[in-house]
Amino acid sequence: EGNQGAPAASGDTPGATAPTAAYKPPTITVGTADDSKGPAIAPEGAVKGGTVTMLDRDDFSHFDPAQIYINTEANFNRLIGRALTGYKRITAGDFKLVGDLATDTGTPSDGGKTWTFTLKDGVKWQDGTPITSEDVKWSMERTFASFITQGPTYVQQWLTDVDYKKAYQGPYDGKSLDSIETPDDKTIVYKFKTPHADASYAFAMAGYGIVPKAKDTKEKYDKEPFSSGPYIIKSHLVDKSIDLERNPNWDPATDPIRGAYPDKWHMEFGQEALQINDRLIADSGADQTAMTFYASVPPERLQQVLGDSSLASRRLNSPSPYGNYYYFNLDRMKDPKVRQAINFAWPSKQIQQTLGGPAAAALPTTILNENTTVGYQSYDLFNKVAKPDGDIEKAKELLASSSNPTPTVVYAYNQTPVQEQVTVVIKNALEKAGIKVVAKPLDRKTYYDSIGKVQNEFDLYWGGWGADWPSGSTVLPIIFGPVSDGAPNYSHLKDPAITAEMDKITAMTDIDAANAAWMALDKKIQETITPLVVAENKIATTLHGSKVGGAEIDPQQWIVQPDTIFVKP
Amino acid sequence: MLRFITRRTFGAVVTLVIIAAVTFFLFFAVPADPARLACGKVCPPELLEQARHNLGLDQPLFAQFVSWLSGIFVGRDYEGLGHCSAPCLGYSFVNKAPVLGTILDRLPLTISLTIGAAVIFFIFGVATGIIAALRQGKALDKIASVSSLIGASVQIYFVGTLALYFLVYQNHILRQPKYVPFTENPLSWAAGLLLPWIVLALIFTANYTRMTRSTMVEQLGEDYVRTARAKGMSARSVVMRFALRGTLTPIVTILGIDLGALIGGAIITETTFGLQGVGQLSIRAVTSSDLPMLMATVLVAAGAIVVFNIIVDIMYAFIDPRVRLS
Amino acid sequence: MSETTGESGGEALLELSGLKKHFPLTGGLIFKRQVGQVHAVDGIDLTVHAGETLGLVGESGCGKSTTGRLAARLLEPTAGNIRYAGQEIGHASRRGLKPIRAEIQMIFQDPYSSLNPRHTVGSIVGGPMEINGINPAGGVKNRVQELLEIVGLNPEHYNRFPHEFSGGQRQRIGVARALSLNPKLIIADEPVSALDVSIQAQVVNLLQQLQRDMGIAFLFIAHDLAVVRHFSQRVAVMYLGKIVEIADRDSLYTRPRHPYTHALLSAVPEVTEDDEPRERIRLAGDVPSPINPPSGCRFRTRCWKAQDKCATEEPPLVRLEGNKEGHLTACHFPEQPSVHGRDVVLDPALRS
Amino acid sequence: MKPPETVGRSPGQLMWLRFRRDRTGIASAVVVIFFLLVAIFAPVISWLYGKDPYALYGQDTPGLLNDYGYPILPSGGISSDFWFGIEPGLGRDVFMQLVYGIRTSLLIAVIATVLTTAIGVVIGIVAGYAGGKTDYVIGRVVDTVLSFPSVLFIIAFMPVVENIFVSPEEETPVWLRAVTLVVMLTLFGWAGLARLLRGQVLSMREREFVEAARVTGASPARIVFKELLPNLWTPILIQASLLLPALVTSEAALSFLGVGMIEPIPDWGRMFRRGTEIYQNDITYLIFPGVALLVFVIAFNLLGDSVRDAFDPKLKR
Amino acid sequence: MSTPFLSVRDLTVDFHTEDGVVHAVNGLSFDVEKGTTLGIVGESGSGKSVTNLTVLGLHNPENTTISGEIRLDGDELIGASRSSMEKLRGNKVAMIFQDPLTSLSPYHTIGKQIGEVYRKHKGASRAEARDRAIEMLTRVGIPQPKTRVDDYPHQFSGGMRQRAMIAMALVCDPDLLIADEPTTALDVTVQAQILDLLKNLQDEMGTSIILITHDLGVVANTAHDVLVMYAGRAVERGTVKEVLHEPRHPYTWGLLGSMPRLSSAVDVPLLPVRGTPPSLLNVPPGCPFHPRCDYVKLAGPELCRSERPELSPHRGHGDACYLTLAQKREIHK
Ligand SMILES: Nc1ncnc2c1ncn2[C@@H]1O[C@H](COP(=O)(O)OP(=O)(O)OP(=O)(O)O)[C@@H](O)[C@H]1O
Ligand SMILES: Nc1ncnc2c1ncn2[C@@H]1O[C@H](COP(=O)(O)OP(=O)(O)OP(=O)(O)O)[C@@H](O)[C@H]1O
Ligand SMILES: [Mg+2]
Ligand SMILES: [Mg+2]
Ligand code: NI
């Protein structure tokens with residue numbers, strides 16, 4: 001259980017069902033100082049050398065760590081940049097949070113309000129100058145600058161205020177931030193306003209990667225990053241290609257995370273997923289050493305890819321760590337019975353089929369995602385396990401007892417080819433239960449703007465959210481946080497009891513207890529309020545060339561991570 | 001001649017400025033806000049304002065257009081990003097790189113794609129057209145006309161997709177389309193673009209065969225062709241020296257239009273073959289609300305059309321002396 | 001210029017005086033602007049009297065058609081007056097022209113392009129009546145069939161289309177159309193030039209008969225001097241936008257004074273019964289361009305009598321000594337009033 | 001007096017006679033008419049066939065689609081129930097999708113053709129007939145429109161046109177896309193036709209029959225509508241007959257780029273695009289719309305050629 | 001009498017068209033003597049041009065059937081090989097066309113177009129050909145031939161173009177020059193120049209000329225012999241004097257009667273042929289002229305309608321009509 005949509009049987013014929021892929025959610029624990037020592041644990045058969053070709057559709061928009069929030073960019077950043085902490089792969093599916101630049105995951109004091117990190121010896125910038133605590137402090141300070149608009153904001157808020165950009169405008173005008181102290185070159189102390197037990201997780205975000213004070217070029221840094229990681233960007237043709245070569249000043253002995261086996265990386269952008277996968281399936285010539293970070297097999301090729309046993313060794317798969325939700329607009333959908341009825345009637349299985357079947361999507365039942373939630377507990381409030389294609393009878397019953405037995409629901413969707421089809425399915429199912437669906441396609445560029453308006457005219461719309469570290473603390477307080485235009489509380493849930501509960505859990509210093517509390521709150525919210533429908537959870541199937549070894553999907557980032565990749569001789 | 005070129009160039013510049021202005025102002029009618037896109041997942045109003053300022057979107061529309069326009073001629077200063085010298089098309093909203101550089105990086109591919117295909121379809125189209133015209137009603141003529149019709153009726157994405165599948169992925173007859181600069185290795189340049197060339201040629205040859213055939217038939221009935229025959233010119237030189245000259249005029253017009261359209265409208269071809277040319281760039285610009293990039297790709301596309309029109313007109317003067325004076 | 005009344009009777013129906021038509025030539029580096037003008041018609045005076053035929057001859061491009069089109073007010077004159085029945089119509093609007101539209105009609109040179117290929121004969125001939133709201137007794141159709149009969153076509157052909165007719169028949173349809181409004185003046189712009197000789201004769205005969213029967217005045221434009229002579233009471237000779245000589249038929253053909261008229265007459269290839277050799281004048285070159293007409297006398301560049309005076313002074317169109325009333329010539333050094341003169345060969349290739 | 005070959009046929013009748021002799025022309029006309037009938041009588045076909053294009057048969061009835069959403073039966077699920085098979089994923093009936101898709105695409109293309117032609121004709125005639133400044137201004141506008149990279153523009157500014165009709169919060173009617181597509185296709189289509197017709201009018205204006213009409217006092221309106229227009233039907237018809245298939249493929253190309261008609265409205269071009277994505281697993285889904293489109297475009301082009309030949313007796317094929 | 005330079009016997013040319021077979025020329029015979037001019041007159045469509053294009057073998061063999069014989073200087077031309085025809089054209093037999101603008105290639109200079117004939121047939125070098133072109137231009141009276149030789153046809157006036165055409169036709173000193181309505185597109189004064197020019201050149205070089213025209217006046221001024229054609233046949237033949245002053249065929253009478261002359265009486269109507277020329281798809285049986293002829297009754301309606309009259313006598317002044325000579329003389333008075 002917990003993985004309701006996981007593939008069941010196997011077979012090679014076109015009319016067949018999808019093959020099994022035993023999937024186990026990752027284990028993520030906190031490592032010790034010993035764990036934090038380099039070098040990284042090599043995957044089986046790993047050798048150094050060679051060039052790996054990475055194919056993907058989109059180039060990376062940001063190299064300045066402070067601007068990075070997107071998994072693809074974070075993933076690339078692992079090659080050229082480091083942070084205080086990071087996740088170390090022990091074996092496949094088994095991870096530990098360890099110190100990256102820091103000797104360990106940090107030492108809390110003052111009830112979790114003060115966090116102290118010590119930098120390792122021998123960590124250097126690409127020009128050989130040592131990385132100092134001054135650099136680390138500078139890196140945090142510059143995230144307050146006005147030109148930084150994209151990266152994470154947790155630590156900034158902890159250090160100053162919710163409206164952190166007002167509190168401090170960055171270091172460029174000579175002012176520094178008092179709440180970060182650097183007693184010496186190796187030590188750095190963060191002083192938060194409130195306790196944060198999960199701070200060591202926060203510092204693992206790529207957004208808190210380091211930038212050298214001496215080489216900071218402000219806006220331009222986004223184009224010309226200074227490497228602290230194993231590689232240096234040799235050439236970058238925007239939206240076209242990137243070439244990486246080794247950073248001679250990176251010492252594997254200091255790095256517990258990055259294997260950095262290939263000598264060179266060549267990255268090509270611009271092809272659609274279909275083409276990339278056709279190339280990878282063909283596996284001819286130079287493409288044998290090719291892989292992709294993010295261009296997983298599109299549904300159109302799933303049957304072929306999963307049905308072909310010769311591809312088994314070049315196939316990776318992992319369900320998404322992101323939550324996908326169909327939010328009810330609580331300002332408009334006032335009757336909880338209607339919301340529950342919709343949950344019961346929801347055509348999860350049909351949507352799954354539209355997306356490519358059980359191999360392409362799992363059907364979770366909880367708000368929090370099992371991949372990114374330490375202490376995950378499943379529940380099934382709307383009978384999805386038994387009736388994944390919708391319990392129309394139950395829905396009708398609920399509706400009959402509700403304030404409006406034949407409601408009309410305005411469903412807004414992001415107008416992409418896939419969402420168009422999903423909409424057809426949703427409409428078809430809900431109408432069977434007597435719910436009229438008015439579907440409104442929204443332009444994909446303005447989709448979030450439109451649904452982000454508090455005064456919108458829609459009843460139901462899709463939205464996604466992913467945890468920033470494996471805990472409910474970066475999910476529930478966000479998607480049920482403050483209601484304002486553009487804020488991700490798309491349900492407009494404003495329940496004082498829930499808010500109080502979230503504040504309480506946030507303040508907990510015991511991480512395990514907090515995780516359990518988040519899980520309980522998850523169920524409570526769905527039970528008492530039902531602000532959303534938990535949607536299908538996509539499963540990525542990713543191919544790589546036959547000469548690529550060590551390819552694994554990072555279950556948290558949902559992307560093939562570069563740390564273990566090597567070229568087979 | 002020089003006067004003519006001057007006048008046409010002036011006209012072209014006016015056209016381009018109009019197109020640029022239409023693009024620019026329409027862009028702001030699109031209900032998408034590039035600042036919002038630049039601002040990220042969680043974007044409070046102050047940050048939005050900040051992003052807007054960073055992108056220069058907080059100035060009056062007209063002022064923005066003027067500074068964009070003047071940037072092309074005198075360059076422009078960008079806060080934080082430095083000076084962008086003379087033909088400055090701005091910095092991309094998305095990746096903050098100078099747009100011009102990106103365009104210049106992509107243009108060789110799109111031009112190679114177009115020119116290579118054009119050479120093939122022009123030579124093949126005109127040759128088969130001539131043969132068809134000379135063998136009117138014979139089997140070859142019929143084959144040419146039927147195949148040209150089929151060619152004209154299929155679409156790049158249809159043929160392209162199937163060609164990729166059968167010729168590249170299944171049978172490895174041709175290489176995965178890929179661009180290698182001509183200066184780097186002419187052979188791989190040609191090999192890398194062979195498939196798109198063939199597919200484009202397949203589709204375009206048709207039109208040229210048809211045009212050539214019908215104009216050639218017309219030309220063969222012209223009085224001066226009859227005169228040439230009455231002078232005792234051999235059949236070959238009648239066709240190659242006399243009839244072909246007159247045939248080329250309309251063909252060159254179409255070629256000019258096609259070249260312009262191919263460079264400006266390479267979107268589908270590049271999407272089909274996964275090539276990173278200006279077409280793909282333009283699509284990216286559209287989907288990411290990247291105004292400077294969009295403006296630049298529109299300018300390149302429109303510019304190609306306009307420039308080729310002028311080239312066609314100049315070509316006329318070489319082909320047809322009657323045009324030279326007026 | 002005062003009176004140009006010839007001997008043929010009747011009051012002046014159409015008077016053109018000082019009429020000019022210049023077509024602009026445009027060009028320019030960036031913006032279109034006028035860079036010159038074609039002096040198509042450059043100050044002519046003509047009078048057509050009721051019931052008479054005035055022939056207008058001249059070489060290609062000398063402005064005959066332009067004159068005709070000005071007279072029919074298809075063009076607006078650049079300068080000068082057009083008076084029809086005493087009324088000035090040179091700059092009248094379409095509305096102002098309405099009452100006289102019916103009275104001035106036109107027959108065109110090309111029997112193929114002058115009939116709308118998409119209209120039936122019935123609507124081609126009946127159209128003008130419809131436009132002008134004329135409702136003849138017995139209905140339009142009857143009248144059209146009557147007209148068809150008059151021009152020698154089968155009235156049954158009412159519903160046919162022009163392409164079903166031969167050139168001569170088409171020209172008859174054109175005549176019927178011109179007649180449909182009972183005009184007082186018909187401007188015939190080379191109505192027979194495109195036809196075969198035998199057909200040409202049929203049409204000339206028809207026109208002549210119509211004039212006799214209906215008393216219609218004609219401005220008859222042609223380049224064939226023999227046809228003009230056959231059909232016109234008075235003849236004007238045009239050269240490069242100007243009238244160089246105008247006279248009654250006899251005077252012009254037997255006592256021409258202008259060297260150009262001499263040259264024209266001598267160039268007509270004739271089937272002659274007698275063997276008496278005619279005067280042979282072979283001019284050199286072609287008519288100069290109307291964009292830059294020669295100064296003074298326009299014919300001087302091709303004239304064997306040209307002197308310095310011709311380049312500076314434009315000869316007025318006047319009655320020369322010994323000429324009949326109404327025989328006007330524009331020449332400083334007129335020829336003898338006879339068609340028998342000396343041979344003049346200016347063409348270098350013919351001088352042997 | 002007897003005219004030669006006194007048969008009393010109008011130019012139109014003669015064209016028809018010439019056309020009737022052209023076997024290719026007749027065959028392609030039959031095909032074209034067949035497609036038009038399919039489009040017009042789609043509801044009747046649906047009623048006779050007993051299925052509709054919206055029902056998700058494959059999802060509602062188990063056993064039709066496999067886990068991946070592909071039809072279980074071979075050849076795309078062709079059976080006596082589903083003549084052309086089942087759509088992968090949603091499981092709709094392909095035959096009905098195609099019939100209604102043709103209906104949608106043809107409707108859009110026909111309306112766009114009519115509008116394009118109407119606008120092109122009006123502007124072309126006005127420019128040609130009015131001449132002078134009007135002609136100059138229109139000429140520049142036409143030049144500019146023709147220089148626009150149209151595909152890119154349509155993709156970029158589709159939302160703008162949609163916005164003109166409906167604000168983003170309001171209900172977006174299903175026909176809106178169709179209207180937008182029509183508007184966009186028309187916007188970039190008229191200029192070529194206008195330029196062509198302007199040329200035609202210019203040469204026509206010099207014909208003497210126009211002068212003949214003016215001499216009889218005909219008004220400009222009469223000259224344009226009664227004298228010129230009947231003579232322009234030939235180029236107009238030819239252009240329209242070539243424009244229609246071009247617009248059908250344009251619409252399909254836009255669908256390929258993702259800016260065509262949206263679900264659930266069946267659309268030919270979108271089927272085609274989907275076909276190019278899934279052809280490796282279900283070739284029939286590419287074949288039916290692909291071949292139908294190919295046949296239609298070929299037939300229409302052939303028809304256009306035949307019409308041209310019928311109108312132009314000089315051109316010997 | 002020796003054999004004529006060009007002799008055409010029983011020439012028949014049929015075109016196979018979509019509408020049926022066009023009998024463009026129907027059993028035509030005529031001769032051209034060395035150094036003389038034969039004028040061919042007839043209405044539009046009577047087959048004048050077709051006849052002469054056939055002499056040069058310029059018809060598309062696909063849809064044309066040609067029978068009869070054409071002997072040039074004793075050599076049979078019908079069925080001659082392509083290469084021998086190519087050698088003949090422009091060299092021994094040259095042609096001038098009606099419309100000099102469309103008949104000259106707009107894409108090549110006048111000098112090139114003249115010179116290439118010379119190079120092709122005389123194997124001259126480029127420079128020689130150019131010199132020859134300049135010489136020819138001088139001969140036909142083009143001013144400043146040294147510079148005009150590099151002009152394009154559109155830079156010439158109508159008369160100059162026709163002169164250039166003549167220069168091109170005469171560059172290889174042909175024995176036979178076919179001039180197809182060389183002056184129809186020109187003004188009278190220019191026409192007179194061109195006709196005089198042709199006459200002068202003939203006197204100089206002894207070329208035989210076939211002059212096609214529908215203007216009897218032109219024939220009267222230029223030709224030695226005349227052939228009158230009607231519906232693809234010869235209806236009258238003879239010397240200029242004979243045909244124009246003592247015409248024997250009703251059609252010739254009609255042509256002459258249709259022509260207004262500078263010397264004729266002005267107030268009498270012209271005497272045209274009534275009706276229109278027949279369609280060559282469907283030539284009337286018997287005498288093709290009978291539907292338009294006023295004398296059918298006199299000559300014998302049966303005969304005229306059923307049997308085709310032959311040109312008689314065979315040599316000298318002949319005509320194809322059933323009227324007796326006496327009747328003809330009587331009527332013509
Ligand atoms: N609409 C116009 N625009 C410019 N120039 C014109 C126009 N109409 C006539 N012309 C010029 O005016 C001059 C006189 O033309 P017009 O047609 O009156 O001559 P024409 O005597 O009738 O000649 P033709 O015998 O060839 O018919 C010519 O040089 C001609 O090119
Ligand atoms: N290639 C052809 N195919 C079919 N019919 C033809 C062809 N060439 C000429 N004809 C027809 O042959 C007939 C004779 O034509 P021809 O050109 O010899 O007439 P013509 O006497 O020269 O007349 P014109 O004075 O108009 O030049 C015409 O009816 C013409 O339509
Ligand atoms: Mg004229
Ligand atoms: Mg002829
Ligand atoms: Ni600023």
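Chain naming here is simple, since letters A, B, ... match the order of the sequence lines and numbering starts at 1 in each.
Between chain B and the options D:V145, D:D143, D:L286, D:V295, heavy-atom pairs under 4.5 Å are most frequent for D:L286. Contact tally against chain D (heavy-atom pairs below 4.5 Å) for B:I18, B:V14, B:I267, B:L16: the top residue is B:I267.
When side chains are defined from C-beta on, B:I305 does not count as touching D:F148, because their heavy atoms never get closer than 4.5 Å.
For D:A252, the parts sitting under 4.5 Å from any heavy atom of chain B are the backbone and the side chain alike. Using a 4.5 Å cut-off between heavy atoms, D:F296 does not touch chain B at all. Proximity to chain D (any heavy atom under 4.5 Å) is restricted, for B:T271, to the side chain, taken from C-beta onward. Only the backbone of D:L146 comes within contact range of chain B, with at least one heavy atom under 4.5 Å from a heavy atom of that chain.
The minimum heavy-atom distance between D:S147 and B:V306, with the atom names listed, is OG-CG2, 3.5 Å. Between B:L26 and D:F153, the shortest heavy-atom contact is CD1-CE2, 3.9 Å.
Of the listed residues (D:L152, D:V151, D:I155), just one forms a side chain to side chain contact (heavy atoms under 4.5 Å, CB included) with B:S282, and that residue is D:L152.
For B:F25, the CZ atom counts as densely surrounded, since its 6.0 Å shell holds more than 12 non-hydrogen atoms of other residues, nucleotides or ligands. Atom CZ of D:R140 is surrounded by more than 12 heavy atoms from other residues, nucleotides or ligands within 6.0 Å.
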